[in-house]
2 protein chains.
Amino acid sequence: MSKKRQQLVDTAIKLFSAHGYHGVGIDWISREAGVTKKTMYHHFHSKNELILAALKHHDGLFRNEFMNAVKAFHEDPYERLLGIFDVAHHWFSDKKFYGCMFINAIGEYSEPDSSIRNVCQEFKSLMRKYIAQLAEDAGIKDTESIATSLAILLEGSIVTAQVSGTPDSAIEAKKAAKLLVDLALQN
Amino acid sequence: MSKKRQQLVDTAIKLFSAHGYHGVGIDWISREAGVTKKTMYHHFHSKNELILAALKHHDGLFRNEFMNAVKAFHEDPYERLLGIFDVAHHWFSDKKFYGCMFINAIGEYSEPDSSIRNVCQEFKSLMRKYIAQLAEDAGIKDTESIATSLAILLEGSIVTAQVSGTPDSAIEAKKAAKLLVDLALQN
DNA sequence: AAAAAAGTATACTGATCTGTTTAGTGTTGA
DNA sequence: TCAACACTAAACAGATCAGTATACTTTTTT
């Protein structure tokens, strides 16, 4: 992978996150990445392809960092399951937290079968699968049900943190999640 | 209130919802509303003011429709509290469901103290207050805690429905909400 | 009936949008 | 070494962006 290409992807992620997708032009990204527009169009055939590349790169990077943070945060499987909200809280506390790139992308590109939408759905699907695995490790029987609930709570806490500008929703979501998880473990 | 002005606000809500805020220009809105650009700038000093007017109008309209739907859906206070997810499910099932206008707005305008952000925060705050009222009517003691949980579940179900393209998340969120509400009623 | 307000149509500004073109410079691997 | 590749710089195309200007017509209010 070319170095310039990576600079373009990194810059795109940064600017799209902060200013939206229609809100950032190719010129801006190229300038910020220290690369000419020609080079940008050498690596990506269109703005849409750059958006896709940015989303795909962020997908891998984000999930990897998220999983490592959960692992590092707690040892116990039960605490790890709820630990996703501790990691979320840490994420929301970042000065440069602008919500979820994928949610924001869908907000601007609503066509039902677009490639952008597919990448976003794939990300959410993999996150849900990861939560289901954590639930299984914690000894929960109905992993699908709890994964769905916790995934919805996580999405809700992301959006709430984004709108309110505070990370508190992660703590609130964790409280609710704990009640649901404890109930699920009683059965 | 002028008729043309209202046409502009209605059209703005429709187009911003479907294509985002940066994705829709003044020309497009004016053309679609059957109004000249001059008239548009007579009623609104800038695009930003039109966005604000659209959000504020949608705020009142949406909450009113939502509350009426909840009232019409169920009689019993307990069922009404959980009924917010039935109304959400109906909302998500609309062919023209593009997620929450306010969440999508924050995704494009992330400046911490912008007027757009304030309108969005106000909307979310009023929705939370409404849920707390429903919780009180249902005989729940710790209304604040349950309102927070249900608000997060509602946000999560909105975003999940938007990304997945199906209304199912409303049903899943309702299941989790029922467990939390029943727990809260035991105390 | 007169005056004010709200509307039309159209063309314009200057900036920015995505994407292309031309012409030339480094870099690198077979 | 030399050809392919990656890159720079800068201008260009055609469309669209937010917003303004000019000149005229319709509607409403006093």
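Within every chain, numbering begins at 1; the chains are lettered A, B, ... in the order of the sequence lines, protein sequences first and strands thereafter.
- What separates CD1 of B:Ile29 from P of D:dC17 is a distance of 10 Å, to the nearest Å.
- Atom CZ of A:Phe44 is separated from atom P of D:dA6 by 13 Å (rounded to the nearest Å).
- Spacing between atom CG of A:Asp27 and atom P of D:dC17 amounts to 16 Å, rounded to whole angstrom units.
- Rounded to whole angstrom, the span from the CD atom of B:Gln7 across to the P atom of C:dG7 amounts to 9 Å.
- Counting to the nearest Å, the P atom of C:dT18 and the OH atom of A:Tyr21 are 15 Å from each other.
- Remark: aromatic rings of B:Phe62 and B:His57 are distant, center separation not under 6.0 Å.
- Residue B:Lys38 is in base contact, counting any heavy-atom pair closer than 4.0 Å across all strands shown.
- Checked against C:dT8, D:dT20, D:dA9, the side chain of B:Thr36 finds its nearest nucleotide in C:dT8.
- Ranking D:dG19, C:dT18, D:dT8 by closeness to the B:Tyr41 side chain, first place goes to D:dG19.
- Nucleic acid contact class of A:His45 (heavy atoms, under 4.0 Å, all strands): none.
- With rounding to whole Å, B:Ile26 atom CD1 is found 20 Å from C:dT10 atom P.
- Using a 4.0 Å heavy-atom cutoff across all strands shown, B:Gly23 reaches no nucleic acid atom at all.
- Counting to the nearest Å, the P atom of C:dT8 and the NE2 atom of B:His42 are 11 Å from each other.
- Rounded to a whole Å, the CG atom of B:Leu50 is 10 Å from the P atom of D:dG19.
- If you check every strand for non-hydrogen atoms under 4.0 Å, A:Lys4 touches sugar and phosphate atoms only.
- For C:dC17, the OP1/OP2 oxygens have no side-chain nitrogen or oxygen of A:His22 closer than 4.0 Å.
- Between the side chain of A:Lys37 and the base of C:dG19, at least one donor-acceptor pair of N or O atoms lies under 3.5 Å.
- Salt bridge annotation for B:Asp10-B:Lys14: absent, with no cationic side-chain nitrogen under 4.0 angstrom from a carboxylate oxygen.
- Phosphate contact (OP1/OP2 of C:dA6, side-chain N/O of B:Thr39, threshold under 4.0 Å): absent.
- Across B:Leu154 and B:Ala88, no two heavy atoms sit closer than the pair CD1-CB, 3.9 Å.
- Put simply, B:Ser2 has a side-chain N or O that comes within less than 4.0 Å of OP1 or OP2 on C:dG7.
- Nearest heavy atoms, B:Ile131 versus B:Leu81: O-CD1, 4.0 Å.
- Contact check on B:Glu122 versus B:Lys56 returns no salt bridge, with no Lys/Arg side-chain nitrogen under 4.0 Å from an Asp/Glu carboxylate oxygen.
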